[in-house]
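Below you will find the structure I want to go over with you.
Counting starts at 1 for both ligands and their atoms, following the listed order.
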Amino acid sequence: MLVSVDIPDAAALRRAFVNSSRSKMASMSLPSPWPLPHAEDLDFLGWVDPKAPRRAYLVIGPDTVDELTSIELRVPSATASRKRQTMCDLCQTTEAPDGSLLMVAPRAGSRGRSGDAVGLYMCTDFACSLRARVPLKPHQRSLTGMPDTRVPALVERVTAFVDRVKA
Ligand SMILES: [Zn+2]
């Protein structure tokens with residue numbers, strides 16, 4: 001769903017950043033392995049920079065938003081963040097093994113440079129797309145036959161986040 005055909009390479013990802021400085025973009029490291037497992041089934045990709053643990057990235061593809069978009073996120077320091085079962089704002093679960101953390105994205109352009117930022121709690125493994133696809137247990141299913149809207153709801157929330165960063 002993310003990129004159905006082409007998994008972007010590092011150069012394409014760097015060009016797609018909307019809220020990062022040139023020097024930070026240049027120093028972005030891809031996770032290993034790349035592409036991430038199941039990348040073609042994910043609504044967005046996310047990872048913590050293997051060489052800079054206070055930086056993470058969220059990437060969303062052109063079939064979800066109008067163009068490939070990369071967003072730099074600030075990861076809170078280990079001391080600032082207490083490990084708590086805070087609900088992820090994207091998949092709305094508390095299932096991530098290491099919980100969720102408040103990831104903060106500077107907004108694009110001059111607003112971001114003057115300190116304006118957007119934050120959401122996100123699963124620290126960014127596997128929200130997989131969590132939204134875990135089959136519902138019988139007691140979670142709608143008694144009235146309402147469809148399972150977890151995936152479209154996740155896409156809507158992540159798209160809204162990207163729009164706020166870019167706006
Ligand atoms: Zn999540």
Side-chain angles (χ1 to χ4, degrees), residues 1-4 7-8 13 16-20 28-50 52-66 68-108 112 117-142 146-167:
M1 184 155 186
L2 171 78
V3 269
S4 44
I7 299 291
L13 291 175
F17 270 108
V18 295
N19 70 335
S20 189
M28 177 204 72
S29 300
L30 290 178
S32 175
W34 183 263
L36 291 165
H38 314 296
E40 65 280 4
D41 299 327
L42 304 178
D43 304 305
F44 66 93
L45 302 181
W47 69 95
V48 174
D49 193 305
R54 298 287 305 282
R55 273 157 61 188
Y57 311 103
L58 188 152
V59 172
I60 190 161
D63 52 358
T64 306
V65 292
D66 53 351
L68 179 70
T69 302
S70 309
I71 288 178
E72 184 194 334
L73 302 169
R74 294 191 204 118
V75 182
S77 72
T79 49
S81 60
R82 286 188 302 137
K83 289 220 165 159
R84 282 194 335 182
Q85 289 301 91
T86 306
M87 186 179 280
C88 167
D89 287 321
L90 293 177
C91 65
Q92 299 198 331
T93 78
T94 54
E95 316 263 303
D98 287 327
S100 62
L101 287 174
L102 182 62
M103 307 282 184
V104 175
R107 295 180 75 177
V118 186
L120 284 185
Y121 279 88
M122 296 183 192
C123 293
T124 48
D125 61 1
F126 297 98
C128 306
S129 309
L130 301 179
R131 293 197 176 99
R133 289 166 171 78
V134 172
L136 290 172
K137 297 185 181 79
H139 73 273
Q140 294 170 314
R141 289 194 202 118
S142 164
M146 291 281 282
D148 175 5
T149 57
R150 289 175 298 163
V151 171
L154 169 63
V155 170
E156 199 176 302
R157 289 185 207 109
V158 73
T159 306
F161 175 73
V162 171
D163 286 346
R164 281 181 67 203
V165 173
K166 288 170 85 170

- request: Look at Arg157 together with Asp43 and state whether they make a salt bridge at an N to O cut-off of under 4.0 Å.
  value: no
query: Would you call Asp125 and Arg131 a salt bridge, using N to O less than 4.0 angstrom?
result: yes
field: Intermediate values then yes/no, side chain to side chain contact (heavy atoms under 4.5 Å, CB included), Trp47 and Trp34
entry: CA-CA 11 Å; Trp47 69 95; Trp34 183 263; 3.9 Å; yes
All ring-ring contact (aromatic ring centres under 6.0 Å, His included) counterparts of Phe126, not counting sequence neighbours: none
- request: Take Val59 and Phe44 through the test side chain to side chain contact (heavy atoms under 4.5 Å, CB included) and record every step on the way to the result.
  value: CA-CA 6 Å; Val59 172; Phe44 66 93; over 6 Å; no
- prompt: What protein N/O/S atoms sit under 2.8 Å from the Zn ion (ligand 1), by chain and number?
  reply: Cys88 SG, Cys91 SG, Cys123 SG, Cys128 SG
- prompt: Does Thr124 use its side chain to pair, donor to acceptor, with the backbone of Gly99 at less than 3.5 Å?
  reply: yes
